[in-house]
Enquirer: 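Questions regarding the structure given below will be posed in turn.
Reminder, nothing fancy here: chain letters follow the sequence lines and each chain counts from 1.
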Protein chains: 2
Amino acid sequence: MNNAKILREFPKGKHKHSACINDAMKTAEATCQERGIRLTAIRRRVLELVWASHEPVKAYDVLDTLRSERDSAAPPTVYRALEFLLDEGLVHKIESLNAYIGCGEPGHTDAGQFLICSDCGDVAELDDPELVKMIAEKASQIGFSIEQQLVEVTGFCAQCAPAS
Amino acid sequence: MNNAKILREFPKGKHKHSACINDAMKTAEATCQERGIRLTAIRRRVLELVWASHEPVKAYDVLDTLRSERDSAAPPTVYRALEFLLDEGLVHKIESLNAYIGCGEPGHTDAGQFLICSDCGDVAELDDPELVKMIAEKASQIGFSIEQQLVEVTGFCAQCAPAS
DNA sequence: AAGCGTAATGTTATAATATAACATCTTTTC
DNA sequence: GAAAAGATGTTATATTATAACATTACGCTT
Ligand SMILES: [Zn+2]
Ligand SMILES: [Zn+2]
Ligand SMILES: [Zn+2]
Ligand SMILES: [Zn+2]
């Protein structure tokens, strides 16, 4: 069996998270450049804040920070930026948490699958074509044609797994 | 490959939906009886309202109806009933819609997988052990142990599929 | 049947998440 | 630099969900 492609890993022990953020911002810049769309100051900042950790971030937490930096920040400020970032695949929404997380590899075409650690709260993103395919096949067995897949799995990451 | 077990089908053409509701209510009665828990009038009525169609139902739509029948109905009335029904596996929450749908086969142990038709809005529920297993395996490849799975798929049911 | 403890519901208030609608400003295009 | 399109500002409100405490109903023992 193929291994799942890991779009976004769980962080391993201590890591320099500023590097994660830097990578993500560079990738976003390049992606927007390429597509001829504008990563404005607000959008860039919201993306940074979403990437603040490996945990999904709440819209109103982003707003709180933004408010401290910019008088005019209001809910639409954040939701519009998030909408842009979602549309461009730079962030994803974790539906089961009403929270947002940076995409580990913008541009991936298949749906991502999210692993959410109940203990540390961190999230990893996989892209497993085999799984995507199986879901599509199962659906088509009953005549259902898939447009979009949502897979969110809750449990324990390697670091938080109950000692065995 | 095994076929997915269908816990709740898409309705086929015209069907007598009162039969769906009756079945669901009988199953719920029996389930609660067996478990020694109380399907009170409010809980029963909320379950009926969730089963009102094959589409997921919003909490506040349930509330609107309940208000017309019972002066004391308020948000906690509905959310408490839903919490009970969710805990007992009599209904499921469709996270991507913030809406609730009756379980087609209360007592199933695996996570259900939901197929949501973008056109008619109806939802089917599958339980495919093979899929559940594959997700668990993919997760365990990166050291993640699963507690709960969420699979919600959007697309077109057989009836609504674009003519081919 | 009376009394007790638990479970369920009533009631009021508020938290958390998200969008509508319209005004203003900025950037791009011609 | 004027027009058009895109982005942001601003105010208000819609939608979804929970907290906290009071009251009532139920199930059990005596
Ligand atoms: Zn990191
Ligand atoms: Zn992604
Ligand atoms: Zn039916
Ligand atoms: Zn079910």
Enquirer: Starting at atom CG of A:Asp71, determine the distance to atom P of D:dT11, rounded to an integer number of angstrom.
Expert: 12 Å
Enquirer: Identify whether the distance between the nearest side-chain nitrogen and carboxylate oxygen of A:Arg8 and A:Glu105 falls below 4.0 Å.
Expert: no
Enquirer: If you count every heavy atom of other residues, nucleotides or ligands that lies below 6.0 Å from B:Asp87 atom CG, does the total exceed 12?
Expert: yes
Enquirer: More than 12 heavy atoms of other residues, nucleotides or ligands under 6.0 Å from NZ of A:Lys5: yes or no?
Expert: no
Enquirer: What does A:Arg38 touch in the nucleic acid at a heavy-atom separation under 4.0 angstrom: a base, only the sugar-phosphate, or nothing?
Expert: sugar-phosphate
Enquirer: So which atom in B:Glu152 and which in B:Glu95 form the shortest heavy-atom distance, rounded to 0.1 Å?
Expert: OE2-N, 2.7 Å
Enquirer: Taking the nucleotide of DNA chain C with the closest heavy atom to each, which residue, B:Arg70 or B:Tyr60, is nearer the 5' end?
Expert: B:Arg70
Enquirer: Would you kindly give the CD-to-P distance between B:Glu95 and C:dA18, to the nearest whole Å?
Expert: 12 Å
Enquirer: State which of C:dA8, D:dA7, D:dC21 makes the closest approach to the side chain of B:Arg80.
Expert: D:dC21
Enquirer: Can you tell me which nucleotide in C:dG10, D:dA19, D:dA17 comes closest to the side chain of B:Pro76?
Expert: D:dA19
Enquirer: Nearest whole Å is fine: how far is C:dT28 C1' from A:Ile37 CD1?
Expert: 16 Å
Enquirer: Given C:dA16, is OP1 or OP2 found less than 4.0 Å from the side-chain N or O atoms of A:Tyr79?
Expert: no
Enquirer: When you measure from the side-chain N and O atoms of B:Arg43 to the phosphate of C:dA8, is any distance below 4.0 Å, counting only OP1 and OP2?
Expert: yes
Enquirer: Send over the distance from B:Lys93 NZ to D:dT15 P, rounded to a whole Å.
Expert: 16 Å
Enquirer: Among the candidates C:dG10, D:dT11, D:dT16, find the nucleotide nearest to the side-chain atoms of B:Asn98.
Expert: D:dT16
